[in-house]
Number of protein chains: 2
Amino acid sequence: MPTIKYYLREGLLPAGVLTSPNQAHYDDEHVRRLRLVRALVDVGGLSIASVREVLAAIDTRDESLHSKLGAVQEAISQPSSVELDPLAIEDVQGFFERQGETECVDVTESNVTHMLAAALSVARSIGHDHFRDLLDPYLEGLKIIAQADVDYIARRGSRDDVIEAMVVGTLIGDTVLKAVRRLAHAQVSRDVIGDAPLPPPS
Amino acid sequence: MPTIKYYLREGLLPAGVLTSPNQAHYDDEHVRRLRLVRALVDVGGLSIASVREVLAAIDTRDESLHSKLGAVQEAISQPSSVELDPLAIEDVQGFFERQGETECVDVTESNVTHMLAAALSVARSIGHDHFRDLLDPYLEGLKIIAQADVDYIARRGSRDDVIEAMVVGTLIGDTVLKAVRRLAHAQVSRDVIGDAPLPPPS
DNA sequence: GGATAGTAGAGAGTGCCGCTATCCATTCAG
DNA sequence: CTGAATGGATAGCGGCACTCTCTACTATCC
């Protein structure tokens, strides 16, 4: 309960309607918003500041659905402080070109491409120069997944539901994907490798 | 540089060989380990304590490759404090049954299944009761991705490289997947939705 | 009417985590 | 011999997500 007061102070929850100077009324919309905040923090792992940004992106009106998705994506993808490897940037640009993107891409323009370049930079820094080879198969699998995501969002009716489903579907979806990916690894490991011993030490 | 001393103290890096009482020698293996630690922290978002667990799992010998993967997975999937919704647990069990798992699954047994159940619990708590419908398409896409992951690991030669590739491929792969998924969303959004306005407010 | 309990609002305090700064003894270079 | 540098250990710091406390007020029960 003190946490709620804290969230109110931080502007994550709208103030209730004061029925008297010491009595505020909160309706279902407040509860829904609180649950959303908790979901972003618990499952999405977002900081309070990021949650504020996400909520701001959600609450901003007068945008097309496409630009709304962009705003939400920026808000839920906070950039890391990793410095980018030029080779990793090339990896990302090559990936875009293979996808038919002809114009030059500035990876620092969006948090999402920055995240991708940062991950590949770190991979390179520990000797995994060919991690970029995974991008194409990843995209292939993700086409199926993204299609399911879009279908999931599309069956929402109201504007608020669509936007919320974007946020929830992306963030909770990330966690679900993580978990199912590990399960898939375990299954492949069981089927292919079984109890075979490890290769001998170097 | 003070950070390295800190990591040494925390047992994340092995002590160097003392050539004299105030001179320690660190070789390439130390540098490699340091880079790995930074990767786990920066990209994987792991806490120092989790990193210690991961390193312990890596360094433990005398295990089969399959059980090693299990140990690594447990270490990199720290459980959240979300309380599980019984319905979400059923969702997970149903998913396993559809995958041909006949025996009853205890989701609290592994951090991975716990993560999945927790994510579905949070989804339910904010009214997304049918998020579980995404599990099957997710798995379908992830089969392609997991296959690429396994191929990536399989081309490593030495035992240490295989284990490191497990950790790196899983954690950096998570981040890469996240980024590429957002890109796929944006692409679908551009193609399907374009600049169509949002549906009218509720 | 008076005691009790509860609430809003705001500021200060707390606990944890990931470093960072300081100190000292030693030791090696010049 | 002097000065810079290193290893090892201890203490301190800054940020973040709360949590506690205090005050002023009110609503309710007796």
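Letters A, B, ... mirror the listed sequences (proteins, then strands); counts begin at 1.
In terms of modelled atom types and a separation under 3.5 Å, the side chain of A:His128 and the main chain of B:Val168 share no donor-acceptor contact.
Rounding to the nearest 0.5 Å places CD1 of A:Ile58 at 6.0 Å from CZ of A:Arg33.
Taking atom CD of A:Glu10 as the reference point, atom P of D:dG15 lies 15 Å away to the nearest angstrom. Residue A:Gln78 contributes atom CD, which lies 16 Å from atom C1' of D:dG15 at whole-angstrom precision. Separating the NE2 atom of A:His30 from the P atom of C:dA8 is a distance of 11 Å, rounded to the nearest angstrom. Rounded to a whole Å, the CG atom of B:Leu12 is 11 Å from the C1' atom of C:dG18. The nearest whole Å value for the distance from the CZ atom in B:Arg52 to the P atom in C:dC19 is 13 Å. If you take OH of A:Tyr6 and C1' of C:dG15, they are 14 Å apart, rounded to a whole angstrom. When rounded to the nearest whole Å, the span between CG of A:Leu8 and P of C:dT7 equals 14 Å. Straight-line distance from the CD1 atom of B:Ile4 to the P atom of C:dT20: 11 Å, rounded to whole Å.
Contact between the side-chain N/O atoms of A:Tyr7 and the OP1/OP2 oxygens of D:dA17 is not found at any separation under 4.0 Å. Taking side-chain N and O atoms only, B:Thr3 has no distance below 4.0 Å to OP1 or OP2 of C:dG18. For B:Arg38, a side-chain nitrogen or oxygen approaches OP1 or OP2 of C:dC19 to under 4.0 Å.
For the pair B:Asp174 and A:Arg182, the salt-bridge criterion is met [side-chain N within less than 4.0 Å of a carboxylate O]. Here B:Asp161 pairs with B:Arg32 in a salt bridge; the nearest charged N to carboxylate O distance falls below 4.0 Å.
Comparing D:dC20, C:dC19, C:dA8 by their nearest atom to the side chain of A:Arg9 picks out D:dC20.
Projected onto DNA chain C by closest heavy-atom contact, B:Leu46 and B:Lys5 fall at different nucleotides, the more 5' of which corresponds to B:Leu46.
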